[in-house]
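I'd like to ask some things about the structure below.
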Amino acid sequence: MTKPVLYLFGSAAPPVFDIADAVTNAQNRGFDVCLGLTPTAARWLAPQLAGLERLTGHPVRSEYKMPGTPDVWPMASVIAVAPATFNTVNSWALGLTHDFVVGVIAEAIGKQIPTVTMPCVNAAYVQHRQFERSISELREMGVQVLYGEGGFQPNQPGRGGPSEYPWHLVLDAALEMHDG
């Protein structure tokens with residue numbers, strides 16, 4: 001029996017530096033993990049990319065593949081988007097698929113692939129009215145958004161630490177979505 005495939009997509013927020021631990025945690029929960037990163041997150045993690053590929057057994061992707069080339073990843077059973085930045089959340093909700101991660105997760109809605117996301121934004125960003133609209137829009141489209149009570153709680157700018165990011169919540173949700 002093959003393992004369920006988790007697409008784990010990370011944006012450029014400080015918790016992305018702990019994504020190797022999240023991958024290991026997901027693997028310990030029985031997932032075959034394929035890791036995708038926004039272009040900035042991939043640049044931040046450039047020194048770690050080869051190790052992340054060894055850890056997952058799959059190429060780490062941050063760019064669209066060329067038309068006509070085969071996909072190098074197995075089909076997703078479930079998708080987790082964490083950390084999801086202000087830019088990722090808003091781009092996704094608005095359908096602005098300028099990068100690989102947002103393109104895949106936007107398409108996942110139409111493909112009905114179970115998807116969970118947990119933002120990582122500070123309290124200043126959430127004052128922008130579009131953010132709450134985007135959260136609502138994603139929820140209405142069937143995305144489980146772990147934000148607010150029982151999910152990510154914004155902190156004041158410069159006050160949160162990557163170690164405080166509750167990775168376990170998004171991985172618990174992904175496992176529940178797959179088993180559910």
message: What's the separation between atom CZ in F131 and atom CD1 in I135, rounded to the nearest 0.5 Å?
response: 4.0 Å

- prompt: What distance do H168 atom NE2 and L175 atom CG have between them, rounded to the nearest 0.5 Å?
  reply: 13.5 Å

message: With side-chain contact (heavy atoms from CB on, under 4.5 Å) as the criterion, how do I113 and Y7 come out once you've worked through the C-alpha distance, each side chain's angles and the decisive distance to 0.1 Å?
response: CA-CA 10 Å; I113 299 169; Y7 285 8; over 6 Å; no

query: What are the two closest heavy atoms between Y165 and C120, and how far apart are they?
result: CE1-CB, 3.7 Å

field: Any side-chain heavy-atom pair of W92 and S134 under 4.5 Å
entry: no

message: Using side-chain contact (heavy atoms from CB on, under 4.5 Å), reason through E176 and V116 one step at a time and then give a plain yes or no.
response: CA-CA 10 Å; E176 187 177 306; V116 59; over 6 Å; no

- request: Can you sort out the partners of K111 under salt bridge (Lys or Arg N to Asp or Glu O under 4.0 Å), two or more places apart, ordered by chain and number?
  value: E107

task: I would like to know whether T88 and S91 meet side-chain hydrogen bond (donor to acceptor under 3.5 Å, both in side chains); could you show each step before the answer?
output: CA-CA 5 Å; T88 296; S91 295; over 6 Å; no

- prompt: In chain order, what residues pass the side chain to side chain contact (heavy atoms under 4.5 Å, CB included) check against Y125, with sequence neighbours excluded?
  reply: F86, V121, N122

- line: When rounded to the nearest 0.5 Å, the distance separating CD1 of I79 from CZ of F9 is 5.5 Å

- prompt: Got T115 and V78 here, is their nearest side-chain heavy-atom distance under 4.5 Å?
  reply: no

message: Does any part of the side chain of C34, heavy atoms only, come nearer than 4.5 Å to the side chain of P74, both counted from C-beta?
response: yes

Show which side-chain atoms of residues 39-53 pair as donor or acceptor with protein atoms under 3.5 Å away, not counting sequence neighbours.
residue	atom	partner	partner atom	Å
E53	OE2	V60	N	3.0

query: With a 4.5 Å limit on heavy-atom distance, are the side chains of L6 and H178 in contact?
result: no

Using distance only, find each side-chain donor-acceptor pair of residues 136-152 under 3.5 Å and give its atom names and separation, not counting sequence neighbours.
residue	atom	partner	partner atom	Å
S136	OG	E132	O	3.2
R139	NH2	V145	O	3.1
R139	NH2	Y147	O	3.1

- prompt: What is the minimum heavy-atom distance between A82 and I19, and which atoms define it?
  reply: O-CD1, 4.1 Å

Within one Ile-Leu-Val-Met-Phe-Trp-Tyr cluster: V72 and V5, side-chain cutoff 4.5 Å: yes

statement: side-chain hydrogen bond (donor to acceptor under 3.5 Å, both in side chains) pairs touching residues 22-36, sequence neighbours excluded, are N25-R29, R29-D172, D32-H58

message: Under the criterion side-chain contact (heavy atoms from CB on, under 4.5 Å), I'd like the reasoning laid out for W73 against R61: C-alpha separation, chi angles, the key distance, then a yes or no.
response: CA-CA 9 Å; W73 286 357; R61 295 188 56 196; 3.6 Å; yes

- request: For S11 and T85, work out which heavy atoms get closest and say how close.
  value: CB-CG2, 3.4 Å

- line: P15 and W167 have their tightest heavy-atom pair at O-CZ2, 3.3 Å

Please list every donor-acceptor pair under 3.5 Å in which a side-chain atom of residues 96-106 meets a protein atom from a residue at least two apart or in another chain.
residue	atom	partner	partner atom	Å
H98	ND1	L96	O	3.0
D99	OD1	V101	N	3.3
D99	OD1	V102	N	3.0

